[in-house]
Amino acid sequence: ATIGRDLEMTVTSRLSFDSTQAAGRVVPLFISPRMKVTSAELDGEPAEVLQDEANVPETSFGSRSSEFLVIPSHPLSPGRHELAVHHAGRVIAETAEHIFFVGARGVWYPQFGDGQADFDITYRYPKQLGVVTTGDIVENRVEGDLRVTRAVTSAPVRFAGFNLGDYARVKITRGPYTIELCANRHSMGTPAPPPSLVMPRVGPRSLQSPIPLSAEIPAGGEAKDRLE
């Protein structure tokens, strides 16, 4: 996902899924109406895209989604399939204080439904900013005027959310658990001494990932998403 200085996002979403039975000639997906799907390929072959031309107000940055259809040149057969969807739009709003909000947190990329998937996400954005994202950051570098950050989930999750900002960060580790606190510098007042953090004793099931991600498979099997 590439985020320009004007906050326009250009994304290539690559979805891998296993179909256990024939799934017909149409693949229905959902995405934010602020995202325009420009093209798609299924198993390396161009596919037709049908998307409603919704009129979304400039001030509307909600998390609602709308359906679009990918129509391959032939019916889906059982087995592994690779779907690439190219889309672009503005899902990020900026306030006068230079604070950013992503309204379409879980629908800025195509979704099949409410299932879970592994995610591998690469963000490219203005280098003076930072990103908070689902997944573990495995790569973070600067290329010219852009910062490139790659995040990978360690387990299937329900949706992939992110936010953009000029963050002050504090990371605290207690035993096997690490907590990173991010605060937008433009919303911070006079700095105060950091509070002491007391980690409660927890059992193996007391802490679970609060941020799942999503992609359901048309006819069952495993799914994996890669967003670039």
Side-chain angles (χ1 to χ4, degrees), residues 1-16 29-40 61-63 65 82-95 98-112 116-171 178-187 209-215 223-228:
T2 299
I3 304 171
R5 291 187 177 277
D6 61 354
L7 303 182
E8 178 88 5
M9 288 189 71
T10 303
V11 188
T12 296
S13 298
R14 305 183 189 277
L15 302 85
S16 301
L29 300 106
F30 296 88
I31 199 169
S32 167
R34 299 194 67 89
M35 277 290 183
K36 170 67 176 177
V37 180
T38 55
S39 63
F61 283 86
S63 59
S65 63
E82 305 288 337
L83 175 63
V85 179
H86 309 280
H87 50 102
R90 290 193 62 182
V91 297
I92 305 171
E94 182 181 9
T95 70
H98 302 293
I99 298 174
F100 302 92
F101 296 93
V102 181
R105 291 188 184 277
V107 291
W108 60 274
Y109 59 90
Q111 293 194 40
F112 282 120
Q116 295 186 336
D118 298 302
F119 281 81
D120 185 338
I121 313 168
T122 300
Y123 302 94
R124 297 174 179 85
Y125 52 96
K127 66 181 181 181
Q128 71 272 18
L129 299 177
V131 70
V132 176
T133 177
T134 300
D136 301 318
I137 294 179
V138 298
E139 190 175 352
N140 191 21
R141 68 183 191 276
V142 173
E143 291 184 355
D145 292 333
L146 296 178
R147 179 174 295 277
V148 180
T149 301
R150 182 183 172 210
V152 179
T153 57
S154 58
V157 286
R158 188 170 177 270
F159 67 89
F162 78 95
N163 210 1
L164 199 67
D166 180 11
Y167 295 115
R169 298 171 182 260
V170 176
K171 185 177 290 188
T178 297
I179 297 176
E180 185 175 18
L181 307 178
C182 302
N184 197 305
R185 298 179 192 274
H186 296 282
S187 64
S209 171
I211 313 177
L213 318 180
S214 112
K224 184 173 183 178
D225 288 3
R226 190 168 76 252
L227 310 178
E228 301 172 348

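Annotation: the span from T10 atom OG1 to E8 atom CD amounts to 5.5 Å, rounded to 0.5 Å. Here the straight-line distance linking atom OG1 of T95 with atom CG of N184 works out to 8.0 Å at 0.5 Å rounding. From R150, atom CZ reaches atom CD1 of I121 across 10.5 Å, with rounding to the nearest 0.5 Å. Note that CG of L7 and CD of E94 are 5.5 Å apart. Values are rounded to the nearest 0.5 Å.
When atom types are taken as modelled, the side chain of T2 and the backbone of R124 share no donor-acceptor pair closer than 3.5 angstrom. Proximity of a side-chain donor or acceptor of R34 to a complementary backbone N or O of R90 within less than 3.5 Å is detected. At distances below 3.5 Å, at least one donor-acceptor pair connects side-chain atoms of R185 with backbone N or O atoms of Y167.
A1 and M9 get closest at one heavy-atom pair: CB-CE, 3.7 Å. Nearest heavy atoms, S13 versus H87: OG-NE2, 2.8 Å. When all heavy atoms of D118 and P156 are compared, the pair lying nearest together is OD1-N, 3.3 Å. Of all heavy-atom pairs between M35 and A88, the closest is SD-C, 3.4 Å. When all heavy atoms of C182 and V132 are compared, the closest pair comes out as SG-CG2, 3.8 Å. The minimum heavy-atom distance between A151 and T133, with the atom names listed, is CB-CG2, 3.7 Å.
Counting only heavy atoms from C-beta outward, the side chains of F30 and V107 never approach each other to under 4.5 Å. Side chains of Q128 and D166 form no contact here, defined as non-hydrogen atoms less than 4.5 Å apart. Within the 4.5 Å cutoff, side-chain heavy atoms of L15 are placed close to those of F112. Looking at L83 and L29, their side chains come closer than 4.5 Å, going by heavy atoms from C-beta outward. Within the 4.5 Å cutoff, the side chain of F162 has heavy atoms near those of the I3 side chain. Contact annotation: the side chain of N140 approaches that of T149 to within less than 4.5 Å [non-hydrogen atoms, C-beta and beyond]. Using a 4.5 Å heavy-atom cutoff, the side chains of K127 and L146 are not in contact.
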| request: Decide side-chain contact (heavy atoms from CB on, under 4.5 Å) for V152 and D120; before the verdict, give the C-alpha distance in whole Å, the side-chain angles of both, and the deciding distance to 0.1 Å. | output: CA-CA 4 Å; V152 179; D120 185 338; 3.8 Å; yes

| task | Please assess T178 against E180 for the test side-chain contact (heavy atoms from CB on, under 4.5 Å), listing each intermediate value before the final yes or no. | result | CA-CA 7 Å; T178 297; E180 185 175 18; 5.6 Å; no

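Ring geometry for W108 against Y123 counts as tilted: the plane angle lies between 30° and 60°, on a 0 to 90° scale.
For Y109 and F119, the distance between ring centers is under 6.0 angstrom.
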